[in-house]
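For reference, the structure discussed in these notes is given below.
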Amino acid sequence: MNDKHIVIGIFENELYALVAKRDIREAGIKANIFREGGNVILHMLHQAEGVKVLVPETQEKIAKEILQPRFL
């Protein structure tokens with residue numbers, strides 16, 4: 001099944017996005033990181049604005065619950 005992916009959070013740099021992705025994946029949810037312009041971030045930790053973490057739409061509520069204590 002091909003789930004639609006949605007942005008669960010926009011972070012100021014890749015490091016915060018990687019932490020969010022790790023937390024979400026530990027809960028068994030697939031997460032991806034994209035930066036503005038649609039480029040996939042592999043393992044670069046330099047400053048960039050607008051780093052997005054995406055999850056399947058069906059997992060949005062759970063992912064938000066995971067991220068809320070740490071990032072909100």
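Since this is a predicted model, take the numbers as computed values, not measurements. Hydrogens, waters and symmetry mates are skipped; everything else that's a heavy atom, side chains included, is used.
Taking the salt bridge (charged side-chain N to carboxylate O under 4.0 Å, His left out) definition, one finds that E65 meets it with nothing, sequence neighbours left out. With sequence neighbours excluded, no residue forms a side chain to side chain donor-acceptor pair (under 3.5 Å) with E57. Evaluation of the side-chain contact (heavy atoms from CB on, under 4.5 Å) rule for V7 yields I10, K52, L54 as partners, not counting sequence neighbours.
The side-chain contact (heavy atoms from CB on, under 4.5 Å) with I62 is formed by just one residue from the set Q59, K64, E60; it is Q59.
Pairing each heavy atom of R25 with each of A31, the nearest pair is NH2-O, 2.7 Å. Across A63 and I29, no two heavy atoms sit closer than the pair N-CD1, 4.0 Å. Looking at every heavy atom in both residues, A17 comes nearest to V53 through O-CG2, 3.7 Å.
Judged purely by atom type and a 3.5 angstrom limit, N13 uses its side chain to pair as donor or acceptor with the backbone of Y16.
Atom NE2 in H5 sits 8.5 Å away from atom OG1 in T58 (nearest 0.5 Å). For the atom pair CD1 of I33 and CD1 of I24, the computed distance is 9.0 Å after rounding to the nearest 0.5 Å.
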